[in-house]
Protein chains: 2
Amino acid sequence: MTPQRQLVLDAVSELGHATPEAVCTRVQETAPAVNITTVYRTLDLLEQLGVVKHTHLGHGAPTYATSEHEHVHLVCHHCGRVDEIEADALDDLAAALRRSHGFRLDATHVALSGACRDCADRADAELAEEVAP
Amino acid sequence: MTPQRQLVLDAVSELGHATPEAVCTRVQETAPAVNITTVYRTLDLLEQLGVVKHTHLGHGAPTYATSEHEHVHLVCHHCGRVDEIEADALDDLAAALRRSHGFRLDATHVALSGACRDCADRADAELAEEVAP
DNA sequence: CTATGTGCAAACAGTTTGCAGTTAT
DNA sequence: ATAACTGCAAACTGTTTGCACATAG
């Protein structure tokens, strides 16, 4: 465990979900020479070791978090807001997919996409306005 | 509707889910001068018009399909295999998320990640071998 | 003639790779 | 001295942007 690796792990722990870029920026606050290449390599390594996991929240860069920090993400594709829910919220679906298709769902790896409450409400309001202006 | 746009739409229809690159390659078979920039712009346009939709199947480029072609995707993060299931398989989950979080799920926009039957079975077999070699 | 569409080159973000220098063992 | 780790530069994929030219209404 080199100093760089410790710093990367610390950064992931402190930041919650963070992109490699964000981790790098954080690490560079205390060790400016650390290169983004090292961050990528270290994140890969830590993931192989099972210490961190990455999640795809959407189009952009993935985010890394410590492995304890496991939940399903709901991302709003209007405003980008990210909510977290308990992983067991998808247990029924996972069981059904396994039964019907032999598919073993990894619910935490990819976020669910949709509209958050606020954006859904706003869309409804705008729709109502068009109908009766 | 310019010739380029028609070609892009045709390519999307014929290819099923295709990345912008793949669409471009297909279009260039009949119109070699068409640029990938035009493909991107046209796909955006067709999506605004509601004619096509894109889905994120994983890390790489998104795939485009005609809007009729709506289903949920199951991608295996071991072998990359993509299965399609009916969109209503997630209706219960969608209802639950809406009730509990006001979140309106768009089940078709992002694929569900996991292990397909073959890869799951193979992983099980390897695990058994380690225990009793 | 004005708006729209196109192609090209260049930029961009995110990520990976090759290589040389460094450090630990 | 051998292996592992790091930093840097360069490549790479996927995507967007600015600009000049062409076309159509």
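Every chain is numbered from 1, with letters handed out A, B, ... down the list of sequences.
What separates NE2 of A/His56 from C1' of C/dG14 is a distance of 12 Å, to the nearest Å. One interatomic measurement links the two molecules: CG of B/Leu45 to P of C/dA3, which rounds to 19 Å at whole-angstrom precision. Whole-Å rounding puts the B/Leu7 CG to C/dT6 P distance at 11 Å. Between the CZ atom of A/Arg5 and the C1' atom of D/dG7 there is a distance of 14 Å, rounded to whole Å. Regarding B/Met1, its CE atom lies at a distance of 16 Å from the P atom of D/dA24, rounded to whole Å. Between the CG atom of B/Leu9 and the P atom of C/dG5 there is a distance of 16 Å, given to the nearest Å. Between the P atom of D/dC5 and the CD atom of A/Gln6 lies a distance of 15 Å, rounded to the nearest Å.
Residue A/Thr38 places at least one side-chain N or O under 4.0 Å from the OP1 or OP2 atom of D/dG7. Between A/Asn35 and the phosphate of D/dT6, there is no side-chain N or O to OP1/OP2 separation shorter than 4.0 Å.
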At a cut-off of 3.5 Å, list every protein nitrogen or oxygen paired with a nitrogen or oxygen from nucleotides 13-19 of chain D, distance to 0.1 Å.
unit_1, atom_1, unit_2, atom_2, d
D/dT15, OP2, B/Tyr40, OH, 2.5
D/dT15, O5', B/Tyr40, OH, 3.2

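To the nearest 0.5 Å, atom CG of residue A/Leu105 and atom CG of residue A/Leu93 are 6.0 Å apart. Note: B/Thr42 OG1 to B/Glu47 CD = 12.5 Å, rounded to the nearest 0.5 Å.
Looking only at distances, a side-chain donor or acceptor of A/Arg117 sits under 3.5 Å from a matching main-chain atom of B/His101.
Note on ring orientation: taking the six-membered ring where Trp is involved, the planes of A/Tyr64 and A/His54 are tilted (angle from 30° to 60°).
Counted by atom type alone, B/Thr108 and B/Asp106 present one or more donor-acceptor pairs between their side chains at under 3.5 Å.
Here A/Val82 is tied into one hydrophobic group with A/Leu57, A/Val75, each link being a pair of ILVMFWY side chains closer than 4.5 Å.
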